[in-house]
Amino acid sequence: MDSDVSQATNQGETENGYDFRSIQDTWLPVWDELRPFASSNPDDTRPRKYVLDMFPYPSGDLHMGHAEAYALGDVIARYWVQSGFNVMHPIGWDAFGLPAENAAIKRGLNPRDWTYENIEQQRASMRRYACSFDWDRVLRTCDPEYYRWNQWLFIELFQRGLAYRKGSWVNWCPKDQTVLANEQVVNGLCERCDTPVTKKKLTQWYFGITKYADRLLDDLNQLEGTWPAKVLTMQRNWIGRSVGADVQFVIEGREEPVTVYTTRPDTLYGATFMVVAPDSDLAQELANAGSAEVQQQFSEYLDVVKASTEIERQSTDHKKTGVFLGAYAVNPVNGERLPIWAADYVLAEYGHGAIMAVPAHDQRDLDFALAFDLPVRVVLETGLPDPADSGIAAAGDGRLINSGALNGHTKAEAIPLVIAQLEKDGLGSAAKNFRLRDWLVSRQRYWGTPIPIIHCEACGEVPVPADQLPVELPEMSGAELQPKGTSPLGSVADWVNVPCPRCGAPAKRDTDTMYTFVDSSWYYLRFVSPHNSEAAFDVAEAEKWAPIDQYVGGVTHAILHLLYSRFVTKVLFDMGLVTFTEPFSALLNQGMVQMDGSAMSKSRVNLVRLSDELDEFGVDAIRLTMAFAGPPEDDIDWKDVSPAGSAKFLARAWRLARDVSSSPDVIWANGDEKLRRSTHRLLADVPGLVESFKFNVVIARLMELVNQVRRVIDQGAGAADPAVREATETVAIILSLFAPYTAEDMWSMLGYEPSVARAGLRKPDHTLLVEESVTCVVQVNGKVRDRLTVSPQIGDDELTQLALASAGAVKAVGDAAVKTVVVRAPKLVNIVVGV
RNA sequence: GCCCCCAUAGCCCAACUGGCAGAGGCGAUCGACUUAAAAUCGAUUCAGUACGAGUUCGAAUCUCGUUGGGGGCACCA
């Protein structure tokens, strides 16, 4: 026997037996033929699952980050297929956007050429990477068949008052020559190119996402437990709801009172001045009404404010600046005159762009008051030192003083009392505010969805009629696309000039294009009926598939994309087109792939090239490495993992199938009981492990089983043992989640038809899971002193007797008195003795 | 400044949510096979869970504090 085994082993040694290249070449065309992941068969009776990976931007070939994301998403999709579901796992391309346009300018091309070339390359790479995508459902957002429905969505929002134009100060990237959404400004820098962002007053299109702020916040509770807690927190922070009161202040010499928002109406008696945002209309108006000197000072100040960058403005140690506007407000509760200042620490876009300043109890107001020598009045006895002396605002709680009828109340008591009084007097009301701003969706660039609005002098903003959609992009390329601050589309006269759809008079198309996050805000719905030419999506198909059972993607989109999709979904719900209010029932964030601690993202230099790794180790080894590296949400440092080790394991697993297939198919043994037990224990554990995303543990367990099978083949029953075959088949099926090529080849060697992807996870035999004996730990005062082998059904009393009599326990207890015995049958007994 | 998460062997990571700290991998060392090397196979090595208290019969796990690392928000009234 020895000689036989070693000979067989020797044979495999020559070329290691396992050749990933030939395995890949064998099975890829077979799968292309077989289409094991097609999901559109109307006769399919399997229950449905919708698994979606965030679609890629086609910037060149796939990189390590894609490889990780798609390997992990694939584990989930393949798992549900193996569990008997009809899984929709589609893929598409987020194909509009600036990189294509910049590349086109450089090379004198139309962005389309660059984009479709990259898509083709990525598509080929994904196929080779064995992603279990349904290739019948592919979409590209730059196809007119897709963006037509972007335009439809825009018009629907427009007609509901949720898409509107307004002029305001917007973030502007001087390098990209386009506006930026609030969300695209990171620490005062353009998220894309790190250029300091400036402000510009422009008329732009917005989506009214703030109208949905409450629902966007409250519905996050539905996602508790199925979304990463981190993402929920980020969304909540971003929406930033605060509650307080609106209070009306009469302005001397002005008809209309000014409303301010405060979270601390209890400190109303402590207001000693008022501040308005310098870039607000109110500030301008009050300054204009002032003396020539006031006007002069204000105008100079406004220039300084406008010139400052977001970084300067946002920095924490930014010194308080401002000018007195020469005007006074009247405190509604005590009639005091409050001087009105303009200062840039008050934001025009938040609340009402004006505040009541309570320097004693608000640090920002205190800093300002001390800088400009304004009075500080304490109205809450907090026991803290006088803010005017200490320079630290008294933030704590206490009893109100200097506050008329409110004296003696605590902060919590006073707030509702003040609000009630204000409401009674018609001077204010309870109010809430959000950090979230409306979503700026227009961009002054070419490669995006044209905004389907025609501007007519007589009729105003007129939506393009449905039968004229899509409004297609005109042909433009190279230098024509050079950013110049206004949309390149404006220079195409015969595209811009059209008759007004309503009155027929000469009119002009809107020349801006939509921000690409509009495209991705609803793409998940397009997948349910990607070829539908009648509607954005088929409502019945959406009902069947959506919402998404499992969404997989990077935490980089934790705010933007997810918030926008959630918003659009709620709008579609209100329109009656979908029956759910949250698009992504569960979310998995995979980490990033790094090299020596530095990120390998799209914009950075790729320190490790995916194609090199695939050539060296094969698709399966790379996929396995990604899944085995650790919990999916952790970052992977490529220097810490071993694709060579993965390849070694795959070869080991593969050789099991080879050994089994080359053994005479004679049943001469009853099967190794221990091996069967291990096999079925794994089968029992896999669903729980996969569903809690412990892919690394599944792989560790597979390795364990493979090692055990190897031992049984070499040292025990041999390769013909039915338990060995059973274990090897189980390995092939579970391995197919991670290493589809190797698994398919094993499956074939074991005598089955492809595809192993549809073989189905086997049900564990529960009779094999019952242990005939277990080890019971005997502790004395919490320290392990002995071990007993007992029946799992053993009773407490019997176990206690056995434990007390065990040699280790007797020795440890000595002649001390036993106080109590804690029994957790059948695993543990703890004997507590007196000291 | 405020809020959240994390810390287990030389390294990456497990530990049935309070019950024997080790499943798996990498690395290292030794051995088998080989003329030799690679590959393969086998074996061995290694921490008492960042630190300090507390709760408990019992703590990696729960509580509090400290240190270190990561993340979010940040002049949002």
Side-chain angles (χ1 to χ4, degrees), chain A residues 5-6 9-10 12-18 187 228-238 240-242 244 260-264 267 275 277 313-318 320 343-347 349-358 362-365 367-368 433-437 555 558-559 624-625 628-631 633-637 639-646 648-649 651-652 655 685 688 694 696-707 710-711 714-715 775-787 819-824 827-833:
Chain A
V5 169
S6 61
T9 319
N10 278 343
E13 281 167 13
T14 355
E15 281 186 309
N16 182 18
Y18 172 79
N187 293 326
K230 189 176 148 188
V231 176
L232 293 175
T233 307
M234 286 167 74
Q235 294 250 327
R236 289 186 177 117
N237 283 345
W238 190 263
R241 182 162 62 194
S242 88
V260 305
Y261 172 73
T262 177
T263 54
R264 294 294 303 276
T267 62
V275 186
R313 232 184 87 95
Q314 289 179 4
S315 79
T316 319
D317 50 1
H318 184 52
K320 290 283 183 291
D344 70 350
Y345 81 94
V346 171
L347 308 175
E349 312 88 52
Y350 187 78
H352 306 282
I355 63 156
M356 64 175 210
V358 185
D362 182 289
Q363 190 61 48
R364 297 153 301 182
D365 296 342
D367 292 344
F368 192 85
N433 258 299
F434 297 92
R435 213 194 71 99
L436 182 70
R437 307 290 150 80
V555 74
I559 299 172
L624 191 78
T625 303
F628 186 54
E633 56 277 5
D634 286 7
D635 289 344
I636 298 173
D637 199 316
K639 78 172 183 349
D640 291 333
V641 296
S642 169
S646 300
K648 201 164 97 183
F649 163 70
R652 243 169 110 73
R655 262 181 262 118
D685 291 347
K694 295 184 174 180
N696 54 331
V697 180
V698 175
I699 294 168
R701 297 284 303 275
L702 272 174
M703 289 172 167
E704 201 179 358
L705 185 61
V706 166
N707 290 343
R710 186 80 256 162
R711 275 195 297 276
D714 289 350
Q715 295 155 27
T775 302
C776 175
V777 178
V778 182
Q779 297 180 339
V780 177
N781 283 352
K783 293 207 165 57
V784 180
R785 297 301 186 189
D786 210 335
R787 288 161 224 272
K819 290 210 290 198
T820 43
V821 180
V822 179
V823 188
R824 293 287 178 276
K827 306 274 286 189
L828 177 134
V829 176
N830 188 12
I831 301 162
V832 185
V833 301

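For clarity, every value in this text was computed on a predicted model and none was experimentally measured. Below, read A as the first sequence line, B as the second, and so on, with proteins coming before strands; counting in each chain starts at 1.
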For this session: Check whether any side-chain heavy atom of A/R701 sits under 4.5 Å from a side-chain heavy atom of A/D685, and report yes or no.
Result: yes
Exercise. Is there side-chain contact between A/V784 and A/V778, with heavy atoms separated by less than 4.5 Å?
Worked result: no
Picking from [options], which would you name as closest to the side chain of [X]?
| X | options | result |
| --- | --- | --- |
| A/K320 | B/C75, B/A77, B/G24 | B/C75 |
| A/S642 | B/A77, B/C26, B/G42 | B/C26 |
| A/S242 | B/C73, B/A77, B/A23 | B/A77 |
| A/K827 | B/G71, B/C16, B/C73 | B/C16 |

Counting Watson-Crick and G-U wobble pairs only, both distances under 3.5 Å, name the nucleotide matched with [N], or none.
| N | result |
| --- | --- |
| B/G68 | B/C6 |
| B/A38 | none |
| B/U63 | B/A53 |
| B/A23 | none |

How close or far is atom [atom2] of [N] from atom [atom1] of [X], stated in whole angstroms?
| X | N | atom1 | atom2 | result |
| --- | --- | --- | --- | --- |
| A/M234 | B/C3 | CE | P | 18 Å |
| A/K648 | B/U40 | NZ | P | 5 Å |
| A/F649 | B/C41 | CZ | C1' | 17 Å |
| A/L436 | B/C73 | CG | C1' | 14 Å |
| A/I699 | B/G24 | CD1 | P | 15 Å |
| A/D685 | B/A15 | CG | C1' | 13 Å |
| A/I636 | B/G25 | CD1 | P | 18 Å |
| A/R711 | B/C41 | CZ | P | 12 Å |

Nearest-Å distance once atom [atom1] is located in both [N] and [M]:
| N | M | atom1 | answer |
| --- | --- | --- | --- |
| B/U34 | B/U40 | C1' | 11 Å |
| B/A50 | B/G68 | P | 16 Å |
| B/C46 | B/G25 | C1' | 15 Å |
| B/A15 | B/A23 | P | 13 Å |
| B/C26 | B/A9 | C1' | 13 Å |
| B/A60 | B/A14 | C1' | 12 Å |
| B/C11 | B/C2 | P | 33 Å |
| B/G58 | B/G48 | C1' | 16 Å |

For this session: Check the side chains of A/N707 and A/R652 for a donor-acceptor pair under 3.5 angstrom, ignoring hydrogens and angles.
Result: yes
For this session: Would you please classify the geometry between the A/F368 ring and the A/Y345 ring as parallel, tilted or perpendicular, with 30° and 60° separating the classes?
Result: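 Plane angle between 30° and 60°, so tilted.
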Contact list (N/O, under 3.5 angstrom) for nucleotides 46-50 of chain B vs protein:
none

Check: protein-nucleotides 8-14 of chain B nitrogen or oxygen pairs below 3.5 Å:
residue	atom	partner	partner atom	Å
B/C11	O2'	A/D640	OD1	3.3
B/C12	O2'	A/A629	O	3.0
B/C13	O3'	A/N696	ND2	3.4

Kindly give the atom pairs (protein nitrogen or oxygen, nucleotide nitrogen or oxygen) under 3.5 Å for nucleotides 56-59 of chain B.
residue	atom	partner	partner atom	Å
B/C57	O2'	A/N830	ND2	3.3
B/C57	O2	A/N830	ND2	2.3

Problem set entry | A/N433 side chain to A/S242 backbone, donor-acceptor under 3.5 Å |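 Not at all, since once roles are kept as given, no pair shorter than 3.5 Å links the two residues.
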Exercise. Using the purine O4'-C1'-N9-C4 or pyrimidine O4'-C1'-N1-C2 torsion, is B/G71 syn (within 90° of 0) or anti?
Worked result: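 Anti conformation here, the glycosidic angle of B/G71 being more than 90° from 0.
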